[in-house]
Amino acid sequence: GEDVEQSLFLSVREGDSSVINCTYTDSSSTYLYWYKQEPGAGLQLLTYIFSNMDMKQDQRLTVLLNKKDKHLSLRIADTQTGDSAIYFCAEMTGGSYIPTFGRGTSLIVHP
Amino acid sequence: DTGVSQNPRHKITKRGQNVTFRCDPISEHNRLYWYRQTLGQGPEFLTYFQNEAQLEKSRLLSDRFSAERPKGSFSTLEIQRTEQGDSAMYLCASSLPRGATGELFFGEGSRLTVL
């Protein structure tokens, strides 16, 4: 999606934290999402944040939203090999029901 | 399993042939989406339905593509006169209307290879 940009690859060592970044262009985005796609599987929602929030924490996941800079990040604490997957950032405006996805960031976790 | 189901999972066809994909959404979901995903890209929106009504279509959906959801349950996506550029993963997703999270539930996709 040309309206949502992500870096393509991230490589981390097991046990370290991973930070995946995303920028979007639509200032009226209301919902921002992180989806995970494992090989051969469909996308699954990991977490989401509403645009009126700055941060959301859910166990090992922390989402930070900088609405001024239209920047979203996903931090995974204590990254495990099972976290290796493609992570997609997505945004949706309140008046639309169509999420727009980024190209995905491939996270590789090595021992 | 009550997730989104897509068939067939893989389809290999020759250029010029017609193909049809089927999607069975989660039963209580009345929104249904079709996306296309090519290698190294994120899902690109094609079209979506609320019940049986097709509410929006992307410019990506050329005249050769048609989607239906006749009874507001399963949906089909037909591609006529396939071209090599149609090779992609076709993803179906469903959701509840005005759900609290706007979450889409995706199927595993139908992979199309056009020779």
Side-chain angles (χ1 to χ4, degrees), chain A residues 1-9 20-26 28-53 56 58 61 63 72 85-107, chain B residues 1-7 9-10 21 23-26 29-51 53-61 88-111:
Chain A
E2 59 185 3
D3 299 323
V4 180
E5 292 190 1
Q6 305 176 236
S7 54
L8 296 184
F9 299 99
I20 303 172
N21 295 300
C22 168
T23 57
Y24 59 97
T25 57
D26 191 343
S28 59
S29 294
T30 307
Y31 305 91
L32 295 129
Y33 307 93
W34 286 103
Y35 281 81
K36 178 182 180 183
Q37 186 178 33
E38 298 186 43
L43 281 76
Q44 283 192 305
L45 182 70
L46 264 185
T47 187
Y48 66 94
I49 189 167
F50 293 119
S51 59
N52 62 358
M53 299 167 65
K56 180 178 180 181
D58 184 2
L61 305 179
V63 178
L72 183 75
I86 302 176
Y87 291 80
F88 292 94
C89 173
E91 63 86 21
M92 187 170 76
T93 61
S96 154
Y97 300 102
I98 304 169
T100 299
F101 289 82
R103 292 178 63 182
T105 299
S106 182
L107 174 64
Chain B
D1 182 26
T2 57
V4 177
S5 176
Q6 292 189 246
N7 289 288
R9 294 291 311 279
H10 299 98
F21 299 114
C23 172
D24 288 272
I26 295 170
H29 289 185
N30 58 1
R31 285 188 187 273
L32 185 148
Y33 300 76
W34 285 99
Y35 281 81
R36 180 174 69 186
Q37 186 178 21
T38 53
L39 195 62
Q41 301 293 323
E44 296 174 296
F45 171 74
L46 293 178
T47 189
Y48 92 96
F49 294 83
Q50 180 167 323
N51 300 313
Q54 189 173 18
L55 295 187
E56 190 154 341
K57 292 194 291 187
S58 162
R59 287 170 295 176
L60 291 175
L61 213 65
M89 179 76 85
Y90 290 86
L91 303 174
C92 178
S94 67
S95 73
L96 288 165
R98 304 194 65 79
T101 65
E103 177 180 3
L104 297 191
F105 294 79
F106 282 87
E108 294 181 333
S110 292
R111 181 173 296 282

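Sequence lines set the chain letters: A, B, ... in the order given, protein chains first and strands last, and positions in each chain run from 1.
Of the two parts of B/R111, neither the backbone nor the side chain holds a non-hydrogen atom closer than 4.5 Å to a non-hydrogen atom of chain A. When heavy atoms are compared at a cutoff of 4.5 Å, B/E56 approaches chain A solely by way of its side chain, counted from C-beta outward. If you measure heavy-atom distances from B/F105 to chain A, you find no contacts under 4.5 Å at all. Residue B/Q37 touches chain A through its side chain alone, counting heavy-atom pairs closer than 4.5 Å. Heavy atoms closer than 4.5 Å to chain B are found nowhere in A/Q6, neither backbone nor side chain. Only the side chain of B/L91 comes within contact range of chain A, with heavy atoms under 4.5 Å apart.
For B/S110, the side-chain hydrogen bond (donor to acceptor under 3.5 Å, both in side chains) test picks out no residue, with sequence neighbours left out.
Atom OH in B/Y35 sits 5.0 Å away from atom CZ in A/F101 (nearest 0.5 Å). With rounding to the nearest 0.5 angstrom, the CD atom of B/E103 is 10.5 Å from the OG1 atom of A/T47.
Residue with the most contacts toward chain B among A/P99, A/G40, A/A41: A/P99 (heavy-atom pairs, distance under 4.5 Å). When each of A/I86, A/I98, A/L45 is scored by its heavy-atom pairs under 4.5 Å with chain B, the top score falls to A/I98.
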Identify all side-chain donor-acceptor contacts of residues 87-95 of chain A below 3.5 Å with residues at least two apart in sequence or on another chain.
unit_1: A/Y87; atom_1: OH; unit_2: A/D83; atom_2: O; d: 2.5
unit_1: A/E91; atom_1: OE1; unit_2: A/S29; atom_2: OG; d: 2.5

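For B/P43 against A/G102, the heavy-atom pair with the smallest separation is CD-O, 4.4 Å.
The environment of A/K56 atom NZ is dense: over 12 non-hydrogen atoms of other residues, nucleotides or ligands sit within 6.0 angstrom.
Side-chain atoms of A/Y97 do not come within 3.5 Å of backbone N or O of B/S95 as any donor-acceptor pair.
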